[in-house]
Undergrad: 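The structure that follows is given in the form of structure tokens.
Quick note: residue numbers are just sequence positions, from 1.
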Amino acid sequence: MSIILWLIIGGLAGWIAGKIMRGGGFGVLGNIGVGIVGAVIGGFLFGLLGLSHTNIIGSLIMAVIGAVVLLWIVAKVRKS
């Protein structure tokens with residue numbers, strides 16, 4: 001069950017981050033990929049700040065923040 005939850009949260013986080021950063025999504029698989037990688041980045045960043053999440057909403061917020069950071073980094077690298 002947790003893998004399905006990861007995919008759902010990853011898809012939502014990727015879609016939300018896509019809306020925030022470019023105004024559009026990346027397709028189902030792209031959103032899931034961006035969301036899962038964003039969750040890893042968000043978990044790392046939250047750990048550095050000493051923050052943690054305790055529920056699904058916290059996980060989603062952390063994944064969205066990480067995905068936005070990921071998309072921002074990708075945009076900066078593409079401009080270079």
Undergrad: Following the transitive rule for hydrophobic clusters with a side-chain heavy-atom cut-off under 4.5 Å over Ile, Leu, Val, Met, Phe, Trp and Tyr, establish whether Leu71 and Leu29 coincide in one cluster.
TA: no
Undergrad: What pairs of residues pass the side chain to side chain donor-acceptor pair (under 3.5 Å) test when at least one of them lies in residues 34-60, not counting sequence neighbours?
TA: His53-Ser59
Undergrad: Checking one residue: Leu49. Which other hydrophobic residues are in its cluster under the side-chain 4.5 Å linking rule?
TA: Phe46, Leu51, Ile57, Ile61, Met62, Ile65
Undergrad: Measure the spacing between CD1 of Ile73 and CZ of Arg78 and express it to the nearest 0.5 Å.
TA: 13.5 Å
Undergrad: Run the side-chain contact (heavy atoms from CB on, under 4.5 Å) test on Val68 and Ile16 for me, step by step, so that the C-alpha distance in whole Å, both residues' side-chain angles and the decisive distance to 0.1 Å come before the verdict.
TA: CA-CA 9 Å; Val68 167; Ile16 292 169; over 6 Å; no
Undergrad: Can you check whether Val64 reaches Leu12 side chain to side chain, under 4.5 Å on heavy atoms?
TA: no
Undergrad: List for me each residue that meets side chain to side chain contact (heavy atoms under 4.5 Å, CB included) alongside Ile36, sequence neighbours excluded, and say none if there are none.
TA: Leu7, Ile32
Undergrad: Does Val37 have any side chain to side chain contact (heavy atoms under 4.5 Å, CB included) partners at least two apart in sequence or in another chain, and if so, which?
TA: Ile41, Leu70
Undergrad: Taking CD1 in Ile56 as the centre, count heavy atoms belonging to other residues, nucleotides or ligands within less than 6.0 Å. Is the count above 12?
TA: no
Undergrad: Scan for side chain to side chain donor-acceptor pair (under 3.5 Å) pairs involving residues 61-76, sequence neighbours excluded, and state none if there are none.
TA: none
Undergrad: Hydrophobic side-chain clustering at under 4.5 Å (ILVMFWY, transitive links): who's grouped with Val40? Put none if nobody.
TA: none
Undergrad: Looking at Ala63 and Gly35, what are the two nearest heavy atoms and their distance?
TA: CB-O, 4.1 Å
Undergrad: Between Val77 and Val34, is there shared hydrophobic-cluster membership here, with clusters defined by ILVMFWY side-chain heavy atoms closer than 4.5 Å?
TA: yes
